[in-house]
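What follows is one structure encoded as structure tokens, with my remarks underneath.
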There are 2 protein chains.
Amino acid sequence: MKTRESFVPVYFQLAEDLKEKILAGELKPGDALPSETQLGEQYRISKMTVRNGLRLLAQEGLIKSFRGKGNFVAHPNLSELILKLSDPGLESSRSYDAKLLAINVISAEDGVALRLQIKPGSKLIRFRRLLLMDKEPVAVENRYLTYQRGQPLVEQEIKYADFPEAVAKHTGIITEGNQVTISAVSLNQADSELLETSSGIPALKIEQLVYGRKNTPLGLSIMICHGEKYHLIASTRSFFS
Amino acid sequence: MKTRESFVPVYFQLAEDLKEKILAGELKPGDALPSETQLGEQYRISKMTVRNGLRLLAQEGLIKSFRGKGNFVAHPNLSELILKLSDPGLESSRSYDAKLLAINVISAEDGVALRLQIKPGSKLIRFRRLLLMDKEPVAVENRYLTYQRGQPLVEQEIKYADFPEAVAKHTGIITEGNQVTISAVSLNQADSELLETSSGIPALKIEQLVYGRKNTPLGLSIMICHGEKYHLIASTRSFFS
DNA sequence: CAGTGGTCTAGACCACAAA
DNA sequence: TTGTGGTCTAGACCACTGG
């Protein structure tokens, strides 16, 4: 093939060709692709270029490679989704803001201590924030941070407390992982007042545990989100970065 | 470096080295990495091998490449998570089962028709399933499928209706995308009876839209999940495939 | 212009799988 | 053993960025 008239890379053309065959059903899940050497001969391109193209398909989850056996069309896995947390509701038409309610030093209660793997009663920094969409309160966030001596975590957090993106950027270097749990709860009295609604209303509870190196918990964020005004959107991964 | 005594690929060692430097803070977000040719000289490996290693870091979101400029340590994005849907609760110690309640042909109501981009009143196949954990009902699922003439979608769905994994595998070829919306609602009367609890209890509502080629909606799944017994877990992407 | 990342080649050897 | 994917090389040219 190697259509040099176009400016798309050859490996990309190969990938598109195969993708087309897979999506059209010409190649079904479980089927073997032609071997890399065969593809190289068919398309008159080198093996490395073939592999470059196949890598694209593998990244999209369309094929799987098995050493010594071949490349095979994958059984699509629709259950793995990408969740984007930062952007509440995704409706970019809406304005988004956050209001810092308080910063205190508190003693860790049992539940929080357990999750952060510290002793109950240990000192923690707590942020309370109110998240607003279109100037309406939609969520309350409690963020707990372990005090890390000598690490600029705390100062940065305070400085950028009302800019969650900035927080992520500045504390991010040391963070290695992140686990989020999503559940449904009823609004309690205090939170319902902050959210300017009545208690008992259903709400999303989003717990976010941030880990540093060696799986040390660094912080915990618990968000209580108004069920009707705030929702999460996730979708299958695809394309570019 | 090129330690040939070990069995780890050279490019992998390079990636680990750089990763270490980044995680240790030696290289900070925004910093430029040595150029690919420089790295090749430092490690006495060829440029392609260097690029192979850098690709790993790029996939993990640790670095970003800019043509003509260089490779740079990325500002970590903790807001992009991977959500695994199929596995309810993740506690693998629990047994998981599904019970098919009914399969009917129905006329699409407005809300469903809108999401599936069809005319209200069009014929749809509806599955109602009850999801069980430890033999306790935790969620009700309503699945709506457009009737696709000549495509074995329906038959496969029926055949494997109680094996969601199988459904995914067999219908998967034609599906290209997937969008999930998560919100919090109150249990209505009918659902609360199925879930053997009282109405008004908070519940997770998980809407899943499956698209085929050319962004044609193929099906819609609406799950109502018992708030206390069912929760979702997501985490940052990492490692292998 | 020089330097960078992006693509591509035509070989080579390795580890692994299946017959 | 043969064939497969996985790694690696030492070059080459391109497109882009910035001074």
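As the structure is a prediction and not an experimental result, all values here were calculated from the model. Order of the sequence lines sets the chain letters (A, B, ...), proteins ahead of strands, with each chain counted from 1. The figures here come from the full heavy-atom set of this structure, side chains too, leaving out hydrogens, waters and symmetry mates.
Picking from D:dT7, C:dT9, D:dT4 the nucleotide with the shortest atom distance to the side chain of A:I45 gives C:dT9. Side-chain proximity of B:M48 to the nucleotides C:dA10, D:dT9, D:dG5 is greatest for D:dT9. When distances are taken from the side chain of A:R51 to each of C:dC8, C:dG5, D:dT7, the shortest belongs to D:dT7. Considering only the side chain of B:S65, C:dG6 comes nearest among D:dG5, C:dG6, C:dC8. Here the nucleotide nearest the side chain of B:S46, chosen from C:dT9, D:dC8, C:dG5, is D:dC8.
For the pair A:N71 and D:dG5, the criterion of a side-chain N or O lying under 4.0 Å from OP1 or OP2 is met. The phosphate of C:dG3 has neither OP1 nor OP2 within less than 4.0 Å of any side-chain N or O from B:T37. Close to D:dC8, at under 4.0 Å from its OP1 or OP2, lies no side-chain N or O of B:Y11. For B:Q38, no side-chain nitrogen or oxygen approaches OP1 or OP2 of C:dG3 to under 4.0 Å.
In this structure, B:R55 atom CZ and D:dT7 atom C1' are separated by 11 Å, rounded to whole Å. The separation between A:N52 atom CG and C:dT9 atom P is 10 Å, rounded to whole Å. As a whole-Å value, the separation of B:F12 CZ from C:dA15 P is 17 Å. Atom P of nucleotide D:dT7 and atom CG of B:L54 are separated by 15 Å, given to the nearest angstrom. Atom OH in B:Y43 sits about 19 Å away from atom C1' in D:dT9, given to the nearest Å. Computed from coordinates, the B:E36 CD to D:dG11 C1' distance equals 16 Å when rounded to whole Å.
For A:Q13 (side chain) and A:V8 (main-chain N/O), a donor-acceptor pair under 3.5 Å exists by modelled atom type.
Side-chain contact check for B:I22 versus B:D31: every heavy-atom pair is 4.5 Å or farther apart.
Both B:K47 and B:V50 sit near DNA chain D, but only B:V50 has its closest nucleotide nearer the 5' end.
Sorted by first and then second residue, the ring pair (Phe, Tyr, Trp, His ring centres under 6.0 Å) pairs with a member in residues 17-39 of chain A form an empty list; sequence neighbours excluded.
Every residue two or more places apart in sequence or in another chain was checked for a side-chain hydrogen bond (donor to acceptor under 3.5 Å, both in side chains) with A:R67, and none qualifies. Every salt bridge (Lys or Arg N to Asp or Glu O under 4.0 Å) that B:E136 has, sequence neighbours left out, goes to B:K229. With sequence neighbours left out, A:K47 forms a side chain to side chain contact (heavy atoms under 4.5 Å, CB included) with A:E36, A:R51. Legend: residues meeting side chain to side chain contact (heavy atoms under 4.5 Å, CB included) with B:Q117, ordered by chain and number and at least two apart, are B:P217.
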Heteroatom pairs (N/O) under 3.5 angstrom, protein to nucleotides 15-19 of chain D:
residue : atom : partner : partner atom : Å
D:dA15  : O4'  : B:R67   : NH1          : 3.3
D:dA15  : O3'  : B:R67   : NH1          : 3.4

